[in-house]
Number of protein chains: 2
Amino acid sequence: MKLNEAKQQFIQSWGILATQWGINRTMAQVHALLLIAGEPLSTDNIMEELSISRGNANMNVRELMNWQLVDKVIIQGDRKEYFAAEKDIWKVATCIMYQRKKRELDPMIKVLNQLSDVEGDKRNAEIKAFTETIESIKKFAAQAEKTMDVMIKAEENWFWSSFIKLLK
Amino acid sequence: MKLNEAKQQFIQSWGILATQWGINRTMAQVHALLLIAGEPLSTDNIMEELSISRGNANMNVRELMNWQLVDKVIIQGDRKEYFAAEKDIWKVATCIMYQRKKRELDPMIKVLNQLSDVEGDKRNAEIKAFTETIESIKKFAAQAEKTMDVMIKAEENWFWSSFIKLLK
DNA sequence: CTGAACTTTCAAAATATATTGAAACTTATT
DNA sequence: AATAAGTTTCAATATATTTTGAAAGTTCAG
């Protein structure tokens, strides 16, 4: 397979995967492009490679910087801004985990906490069904958050090797 | 907080969380409704509670059955179909994990495998950058898949208690 | 077999999300 | 200070996704 063909294939597939997980397709494609680039790319490079407008390229590259997945790179003697992605995949994964936890899971947990006590007789079947479900989601979420916090702080080798021991 | 208010709040929040993760809002709301229901609900119940059309209710309830998160319940002497959600949250979580892995992650991994060898000089910087990124994503994905497979098969208590040991 | 009860389908309409591109803004150079 | 180079914004437009609802399909009791 030719390099350019492989690059395009990767960019497309990464974009599709992203949309399936609620991430803007173009943002993911810009990310993919930067992940496989040998050197930092300018906004014009990105526009060209993905056939997208300047506005779109600009907005997504900035969003990726918000997510801390991409950094601005200054090249001496060039007024253009260049961009480079974090390439350590463990760091990429834990970064995404951190961001999504913060943006999406934490607010849900906050809501769950507010739902813990409903008015009325706790022996009432409807109230019991509701409360039990909420409580078990809360318990699960607490464990999941703990797990994610460990991963976010962990060093990759330590994490996987510990995890493998778990299986023995 | 009143029960009905709390129910609505939960359904809304669950729906929002779902859209953020690429899941149809209504499907998630139907799921939420069934998770907190004290007894199986009919299509008419669902339409009423969520103010949605029959077509929408029907399609989402069937999609939830595809995902194996909801079962059809037959009530003797009633021609209507009723629906009930799996309430064990560990089972819900591992079921979702299994489904999303199968539908979304496995296809991506298949693509990654096809991208492993590109034509050309392996010392070329562009080719090297591409290959290295793909390889490290593949390695990460392989570990992640292994982890998910363990979780999918695992019993909840065993998993969390083993995981806690890992931290010591 | 017939008709009532219920479920499913799917084209059209509604809604939500993403993209464009030109104007406004910012920054660096002469 | 004027200009050129580059970046950002955002209203208008385009695209993608979801929802509706009525017609077609199915099932079952009498």
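Computed from a prediction, not measured in an experiment: that's the story for all the values here.
Annotation: cation-pi pair A:Arg100/A:Trp21 absent, no NZ/CZ under 6.0 Å from the ring centroid and within 45° of its normal. Cation-pi geometry between A:Arg103 and A:Trp67 is satisfied (NZ or CZ under 6.0 Å from the ring centre, within 45° of the ring normal).
Between A:Trp160 and A:Phe163, the ring planes lie perpendicular to each other; the angle is over 60°, past the 30° to 60° tilted range.
Of the side-chain N and O atoms in A:Arg25, none sit less than 4.0 angstrom from OP1 or OP2 of D:dT15. Close to D:dG6, at under 4.0 Å from its OP1 or OP2, lies no side-chain N or O of A:Thr43. Here A:Asn58 does not reach the OP1 or OP2 of D:dT7: none of its side-chain N or O atoms lies under 4.0 Å away. Contact between the side-chain N/O atoms of B:Thr26 and the OP1/OP2 oxygens of D:dT19 is found at a separation under 4.0 Å. When the side-chain nitrogen and oxygen atoms of A:Arg79 are compared with OP1 and OP2 of C:dT27, none of them lie within a distance under 4.0 Å. The phosphate of D:dT20 has neither OP1 nor OP2 within less than 4.0 Å of any side-chain N or O from B:Arg54.
One can place CD of A:Glu81 at 11 Å from C1' of C:dT26, the figure rounded to the nearest angstrom. In this structure, A:Asn24 atom CG and D:dT17 atom P are separated by 12 Å, rounded to whole Å. Across the protein-nucleic acid pair, A:Ile16 atom CD1 and D:dT17 atom P stand 11 Å apart, rounded to whole Å. If you measure from atom CD1 of B:Ile46 to atom C1' of D:dT19, you get 16 Å, rounded to the nearest angstrom. The separation between B:Asp44 atom CG and C:dC6 atom C1' is 9 Å, rounded to whole Å. In this structure, B:Met65 places its CE atom 7 Å from P of C:dT8, rounding to the nearest Å.
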